[in-house]
2 protein chains.
Amino acid sequence: MYFRNPIPSQPARERLLDAADRLVLETGAGHLTLDAVAKFAGVSKGGLLYHFPSKDSLLEAMLERYLNDVEAQVATRCARRGGAPTRIEQFRERVRVLLELRPERRAAGAALLAASADKPALMAHCRRSYREFVDEIATLPGGFERAALVQLAVDGLVLGELLQLSPYTSGERSRLVKALIKAADQCGRMQ
Amino acid sequence: MYFRNPIPSQPARERLLDAADRLVLETGAGHLTLDAVAKFAGVSKGGLLYHFPSKDSLLEAMLERYLNDVEAQVATRCARRGGAPTRIEQFRERVRVLLELRPERRAAGAALLAASADKPALMAHCRRSYREFVDEIATLPGGFERAALVQLAVDGLVLGELLQLSPYTSGERSRLVKALIKAADQCGRMQ
DNA sequence: GCGACTGTACCGACCGGACGGTTCAGCCGC
DNA sequence: GCGGCTGAACCGTCCGGTCGGTACAGTCGC
């Protein structure tokens, strides 16, 4: 018998992507399988393969969503302040977005782990996007090194958490986040 | 026919661990399989399982070697300077060691990716070891935030490279490494 | 207004190969 | 003769991907 989920809160495609992210975080990128994703999302395997015809296309979609999501959130936060966003404003908001820990966003970076484990070639896309970002922050008044070091520290915190390597308490984390935002702001001033 | 590698430069155990590291870097942690490791190291599968009776034990050994290796290199570099190493000296040398790119060391961090992909529980060991390190640098004259931020930036660079996310040219990288070593040194001074 | 047909979204059994792991007889240099 | 392997067969499970089918909303000719 054919049983449709009672009012699925999200369209299946989104549920599948969420499930994939969460699976990576909770079981490790090596255990991201099509069966597991489908089950976790409450969709049949056939249903999954309807939306993502191969595992690669699932990985691509995960990365795509992650990248777009970050960009969109930065844009939203900048827009909230009104006027055309300055580069330093964008940098600062990006730092904030990446360090956000609201449950719906926490899992997003898992796409990076999944892609790097399964199909490292997909990372090229992310690398290009990162490169463009580096080119932008290099023009900040504080100079390339200053901004790049702040961005690296943000990466270190985020990636460390994704890999479950980060040993900081939530108190320490708050202090570090505060320090990072301040450091990002200072990249906007002449050194 | 039985073909022994002409004068195996290393004992099989080491060759296997090297092969595992390199496989992770070159094909992604998801493609780390026992057959592939054995083949890559020029050892039979039976031989691999003689040294590492399960995949988990291979992963544990990879992590163990990585952690010991870093510690040993820091100690060596400090010893070369003579006298009991100060905390700031250790921190500085650690930063240097982690950012080293000599071919034999480049692959070592791959253990982190492999463990996190296959058996995230193994990361607990690394996290503890990282925690001890954080507790030490927190007592530097520059204070907790300053040192932790430098360490995070080092992590960001290293992990970014492991994930093939890092977009920096070798020129940019050198500038960043120099800046990081300088920043580490400054953690030894009162702010 | 109704039957034929189309497109979208999804199901789940199944297949072939890969993977982790086992077993075991044997070889070879120290 | 024993520690350190080799080489190959084998097992059960898992995994990515295929395929034939189902439910159903919409639409178009008549």
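Below, chain A is the first sequence line, B the second, and so on; all start at residue 1.
Within 4.0 Å of A:Lys45, counting heavy atoms only, lies at least one base atom of the nucleic acid. Heavy atoms of A:Thr33 sit under 4.0 angstrom from primed sugar atoms or phosphate atoms, though from no base atom.
Nearest heavy-atom pair across A:Leu58 and A:Leu17 is CD1-CD2, 3.9 Å. Nearest heavy atoms, A:Arg87 versus A:Glu136: CD-O, 3.6 Å. Shortest non-hydrogen contact noted between A:Arg127 and B:Leu165 is CG-O, 3.4 Å. Closest approach of B:Val158 to B:Leu98, counting heavy atoms only: CG2-O, 3.5 Å.
In this structure, NZ of B:Lys55 is placed 8 Å from C1' of C:dG20, rounded to the nearest angstrom. At whole-Å resolution of the value, CG in B:Leu59 and P in C:dC19 are 15 Å apart. Put simply, NZ on B:Lys39 is 19 Å from C1' on D:dC5, counting in whole angstrom units. In this structure, CD of A:Glu14 is placed 14 Å from P of C:dA9, rounded to the nearest angstrom. Between the NZ atom of B:Lys119 and the C1' atom of C:dG20 there is a distance of 14 Å, rounded to whole Å. Rounded to an integer number of Å, the gap from B:Asp35 CG to C:dT22 P is 14 Å. At whole-Å resolution of the value, CG in A:Leu49 and P in C:dC15 are 17 Å apart. Following rounding to the nearest Å, A:Leu58 (CG) and D:dG16 (P) show an atom-to-atom distance of 10 Å.
Distances shown here put a side-chain N or O of B:His51 below 4.0 Å from the OP1 or OP2 atom of D:dC5. Listed pair B:Tyr50 / D:dG4 meets the phosphate criterion, a side-chain N or O lying under 4.0 Å from OP1 or OP2.
Both B:Leu32 and A:Gly47 lie near DNA chain C, and the one whose nearest nucleotide falls closer to the 5' end is A:Gly47. Where A:His31 and A:Gly46 meet DNA chain D, the nucleotide closest to each residue was compared, and A:His31 sits on the side nearer the 5' end.
Annotation: cation-pi geometry not satisfied between A:Arg22 and A:Phe40 (NZ/CZ under 6.0 angstrom from ring centroid, within 45° of ring axis).
Distances from the side chain of A:Ser54 to the nucleotides D:dG17, D:dC15, C:dG21 place D:dG17 closest.
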